[in-house]
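Everything below concerns the one structure shown next.
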Amino acid sequence: AMLRLRLLTWDVKDTLLRLRQPVGQSYAAEARAHGLQVQPEALGRFFREVYGAQSRRFPNYGHGQGLSSRQWWLDVVKQSFRLSGVQDEAALTKLAEKLYRDYCSSHNWEVLPGAAETLSRCRQLGFRMGVVSNFDRRLEVILSQCNLRHHFEFVLTSEAAGFAKPDGRIFEQALRLGGARPEQTAHIGDDYSQDYRAARAAGMHSFLLRAGQGEGPEVPPEHVLPTLSHLLARIEK
């Protein structure tokens, strides 16, 4: 069955870009540059804990609760370091602001294998392209720094949309931006509930990138991408 697709929407983190090293390691390296010794493993564990708590308390970067995404992140970074034993508030502020800036650059992000080639090919085939990502306002800059921004007609973050995946309203906004109906659109991402299931619930086609992730919920094999390069065979019918 030929998919009559016009628009492809893309998740970013762990679909097109990934962190060069675990958060605990890059945070600890930055702390060392400021003369502070922190255990990377512990720091990583505290970061996950704090990030989870902050996400539950202030969903989508505190959108609608009067928080800026910058403030949201500065709080997460400072609290992760506090739990790791750093008490000096002036040092915490410096560290947090430096790390907030650093995560804007290709210093901390790398393009996944096959991503640039696949995006180029999809554009050559005439698909319209957009990003739909649970991310803050830094995403445009990150994509530019990693030389991927030019592939996309729009970059829709959850911060800008006011809704985060799996909320269907972020996909509705993307369809309006891309000028396509749901059945003419496919979303590509690595998260079963936020990407695959949510896009399908919005009436779109979807492909799940499962780079060696082993067993998850049952997804028809023709919707699974072992690597990004597999996408072309699925849509070039």
Side-chain angles (χ1 to χ4, degrees), residues 1-17 54-70 72-73 112 115 118-119 122-123 125-144 148-210 216-220 222-225 228 231-232 234-235 237:
M2 164 128 182
L3 302 182
R4 304 212 173 272
L5 298 175
R6 293 186 52 200
L7 172 68
L8 301 177
T9 63
W10 296 80
D11 171 55
V12 175
K13 187 174 184 293
D14 297 325
T15 298
L16 298 173
L17 296 178
Q54 184 86 327
S55 300
R56 286 187 294 278
R57 190 170 166 212
F58 299 108
N60 197 15
Y61 312 107
H63 181 97
Q65 292 164 287
L67 226 58
S68 69
S69 57
R70 182 175 177 277
W72 191 97
W73 274 112
L112 274 139
T118 302
L119 292 172
C122 288
R123 274 176 65 222
L125 291 167
F127 293 107
R128 308 187 69 169
M129 309 252 282
V131 160
V132 180
S133 172
N134 288 355
F135 218 101
D136 62 77
R137 64 180 74 246
R138 291 173 295 178
L139 188 56
E140 290 261 5
V141 177
I142 293 167
L143 288 167
S144 297
L148 295 181
R149 175 65 186 89
H150 63 282
H151 292 299
F152 303 106
E153 291 185 30
F154 63 88
V155 172
L156 183 61
T157 62
S158 57
E159 180 177 15
F163 307 104
K165 299 180 297 190
D167 191 313
R169 288 172 289 188
I170 192 171
F171 289 106
E172 285 165 22
Q173 284 190 36
L175 292 166
R176 281 201 297 278
L177 287 168
R181 296 192 306 276
E183 67 275 10
Q184 300 172 312
T185 307
H187 179 70
I188 299 101
D190 71 303
D191 187 288
Y192 172 74
S193 60
Q194 290 186 3
D195 291 309
Y196 180 76
R197 200 178 59 195
R200 291 183 68 77
M204 296 159 66
H205 299 275
S206 191
F207 295 100
L208 182 63
L209 180 63
R210 269 249 180 95
E218 265 318 296
V219 176
E222 64 273 18
H223 295 171
V224 175
L225 307 175
L228 277 182
L231 177 66
L232 296 163
R234 305 273 200 275
I235 60 178
K237 294 284 184 284

[X] and [Y]: which non-hydrogen atoms are nearest, and at how many Å?
X	Y	answer
V155	L143	CG2-CD1, 3.9 Å
N134	S158	CA-OG, 3.4 Å
A174	L156	N-CD2, 3.7 Å
A199	H205	CB-O, 4.3 Å
E183	L5	O-CD2, 4.4 Å
A180	L7	CB-CB, 3.8 Å

E140 and R149 ion-paired at < 4.0 Å: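 Between R149 and E140 there is a salt bridge, with a charged N closer than 4.0 Å to a carboxylate O.
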Salt bridge check: are D11 and K165 linked by an N-O gap of less than 4.0 Å?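 Salt bridge flag = yes for K165 with D11.
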So do [Y] and [X] actually touch side chain to side chain, heavy atoms under 4.5 Å?
X	Y	answer
W10	T118	yes
F163	Q173	yes
S69	H63	no
L148	V131	no
H150	R123	yes
F135	E159	no
T15	D191	no
L232	C122	yes

Atom [atom1] of [X] and atom [atom2] of [Y]: how far apart are they, to the nearest 0.5 Å?
X	Y	atom1	atom2	answer
L231	L119	CG	CG	9.0 Å
R128	E153	CZ	CD	4.0 Å
R138	W73	CZ	CH2	6.0 Å
F171	T185	CZ	OG1	11.0 Å
L16	L228	CG	CG	6.5 Å
I170	N60	CD1	CG	7.5 Å

Give a yes or no on whether the backbone of G189 and the side-chain of Q194 come within a donor-acceptor separation of less than 3.5 Å.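 A pair under 3.5 Å: no.
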Do the side chain of R234 and the main chain of V224 share a donor and acceptor less than 3.5 angstrom apart?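 Yes; judged by distance alone, with no hydrogens or angles, the pair exists.
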Intermediate values then yes/no, side chain to side chain contact (heavy atoms under 4.5 Å, CB included), T9 and L175: CA-CA 9 Å; T9 63; L175 292 166; over 6 Å; no
Strictly by modelled atom types, are H187 and S206 linked by a side-chain donor-acceptor pair under 3.5 Å?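 Distance-only check fails for H187 and S206.
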Which class fits the ring pair W72 and Y61: parallel under 30°, tilted 30 to 60°, perpendicular over 60°?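 Correct class here is perpendicular.
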